[in-house]
2 protein chains.
Amino acid sequence: MLDLAVPILNAPMGGVAGGELAAAVTRAGGLGMIGMGSSATVFTLHKELPHVRGVRFGIGLIGWRVREDPALLDAALDARPALLSVSFGDDYAWVVAAHDAGVLTATQVADVEQAGQAADAGVDVLVARGAEGGGHGRPRMSLHTLLRQIIAHVDRPVLAAGGIASAHALNDVLAAGAAGAWIGTAFAVCRESLLDDAARARLIAAQAADTILTRAFDRAFGYAWPTDTPERVLRNSFTDRYDTREDEIDATARDALRTATESDDYRIAPINAGEGVGDVTGVDDAEAVIRRLTTT
Amino acid sequence: MLDLAVPILNAPMGGVAGGELAAAVTRAGGLGMIGMGSSATVFTLHKELPHVRGVRFGIGLIGWRVREDPALLDAALDARPALLSVSFGDDYAWVVAAHDAGVLTATQVADVEQAGQAADAGVDVLVARGAEGGGHGRPRMSLHTLLRQIIAHVDRPVLAAGGIASAHALNDVLAAGAAGAWIGTAFAVCRESLLDDAARARLIAAQAADTILTRAFDRAFGYAWPTDTPERVLRNSFTDRYDTREDEIDATARDALRTATESDDYRIAPINAGEGVGDVTGVDDAEAVIRRLTTT
């Protein structure tokens with residue numbers, strides 16, 4: 001349906017997957033996605049669009065941000081993406097709007113019930129997102145369990161997401177019946193991502209067991225993520241102190257987090273990372289990452 | 001190394017995998033394991049041994065129970081099992097004792113560091129236990145992530161554990177390089193298990209998303225499980241009330257749990273279940289389960 005030379009999309013990581021990364025992924029044969037995250041605005045979207053002029057691209061939005069700022073959806077459709085993904089919301093009105101604009105639709109699903117609802121709402125492509133994944137998601141079950149259930153019960157092409165950062169892992173999900181993979185962490189360290197070097201270095205040094213599911217940062221930032229949707233990040237001194245003790249986050253902690261985020265101090269500020277982070281061992285351009293992922 | 005007709009061992013589920021289940025699994029071509037859990041004693045082990053007279057079997061012990069009651073290890077070795085598994089402990093002295101008795105050894109591992117330590121200690125077979133698994137385990141990462149890392153870095157045969165309850169899931173782990181599978185939930189509902197009918201019925205009705213990782217029951221029972229080792233169980237009114245609020249478990253709650261456990265009231269009492277529980281749809285004998293798992 002997406003008609004790709006290589007069955008890979010980069011996950012639309014907010015603040016990380018900008019237009020430059022999206023263009024590079026598409027040029028290497030996949031489909032590049034621009035990610036609009038917790039603090040996305042029409043302005044931040046417009047800033048990324050010049051990079052994808054003349055190449056196919058997709059856009060990924062967050063349901064609760066669209067509810068807060070409906071102009072984001074209009075701006076995304078006006079950009080005429082090949083694929084629009086809206087995740088983390090129960091309202092599927094955006095699917096109709098996308099189809100009216102001739103745009104294919106995708107959404108992340110965490111269990112087979114949600115996959116069925118999305119399919120019933122007309123979503124074209126399902127992103128089966130296992131608990132391994134970096135960033136936000138409902139950690140209902142692991143990728144392979146989820147993938148098997150959705151493929152058995154829902155009649156839609158399924159992209160596998162969560163922990164895929166090696167050719168071996170990609171092979172495993174394709175063998176299990178996925179139509180392709182939705183890959184975050186491996187592209188987050190790419191030269192073309194919006195991430196800074198300090199965050200890249202931490203991702204490169206980290207292993208799967210260095211990641212943790214937490215709501216601490218969302219609570220501290222005051223983001224409207226649902227309580228059943230934590231994010232997987234690299235453990236750091238902030239999670240050591242506040243994870244599962246979010247009620248103790250006070251004004252001092254919030255100030256320290258804000259300062260750390262502004263100064264790229266990742267002893268305190270968050271870095272999203274999936275369980276595939278151990279397979280990420282150096283900075284490369286997106287084309288080299290795709291070559292590594294597709295060479296066994 | 002284990003020389004099995006079918007690459008399947010039942011997980012040594014305490015209070016569930018007795019001698020009758022172990023004998024049935026071995027007779028069907030796998031290796032049956034007797035499970036000695038949190039409340040195991042030499043007496044409860046001796047009660048199960050008559051069922052495996054004349055058939056190959058293994059025994060699974062818990063490290064911290066052996067530390068509390070070292071006679072368990074002696075009794076297990078005296079029974080001359082084909083395989084002894086001791087999990088959840090840092091002390092590997094039991095490996096030497098087992099080898100002196102001519103017994104092969106296995107242990108559950110949750111990350112590649114632990115796999116390396118076990119291999120260095122001479123453990124013969126590693127059980128790569130993903131966070132999907134039912135019952136107790138350190139939920140460090142999902143099975144396929146773990147399996148890939150251990151196979152790449154540790155030179156030992158690896159059994160895959162966690163969420164495997166279908167032929168498709170078994171195929172996936174064998175394709176990923178596992179030497180076999182260590183399967184719990186699918187055998188828990190078998191006619192030959194020690195589980196009662198009320199628990200079987202709940203397992204048959206449940207889906208992966210009905211499971212939850214919790215320490216609530218261990219805190220209530222006062223078991224010596226390490227804090228990094230929760231158990232995956234079916235959600236019920238006890239976990240709804242006390243999971244992540246374990247400090248609120250008082251004498252009344254403990255009494256109610258004890259009463260419920262004695263009367264098989266699973267609205268309150270725990271039932272271990274892995275993410276494969278959705279693939280478990282009826283009561284069968286172990287031979288039929290193995291046939292289902294090996295027929296694609």
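Just so it is clear: chains get the letters A, B, ... in the order the sequence lines come, proteins before strands, and each one is counted from 1. Predicted, not measured: the structure shown is a model, and the values here were computed from it.
Here Trp64(A) and Phe88(A) keep their ring centres 6.0 angstrom or further from each other.
Heavy-atom distances place both the backbone and the side chain of Glu275(B) under 4.5 Å from chain A. With a threshold of 4.5 angstrom between heavy atoms, His168(A) approaches chain B through its backbone and through its side chain. Interface remark: Ala131(B) contributes no atoms to any contact with chain A (heavy atom separation under 4.5 Å). Contact of Thr211(A) with chain B is not made at all, since no heavy-atom distance falls under 4.5 Å. Looking at Arg140(B), both its backbone and its side chain come within 4.5 Å of chain A, counting heavy atoms on both sides.
In terms of non-hydrogen atom pairs under 4.5 Å with chain A, the most contact-rich of Ala176(B), Ser166(B), Gly163(B) is Ala176(B). When each of Gly278(A), Ala175(A), Ala209(A) is scored by its heavy-atom pairs under 4.5 Å with chain B, the top score falls to Ala209(A).
Two residues are said to be in side-chain contact when any heavy atoms from C-beta on lie closer than 4.5 Å; Ser85(B) and Met33(B) meet this criterion.
In this structure, a donor-acceptor pair under 3.5 Å is absent between the side chains of Glu132(B) and Thr145(A). Remark: the Asp218(A) side chain and the His136(A) side chain contain an N/O donor-acceptor pair separated by less than 3.5 Å. Looking only at atom types and distance, the side chain of Gln108(A) has no donor-acceptor partner in the side chain of Arg138(A) under 3.5 Å away.
Among Phe221(B), Tyr266(B), Phe217(B), the one residue that satisfies the ring-ring contact (aromatic ring centres under 6.0 Å, His included) test with Phe238(B) is Phe217(B).
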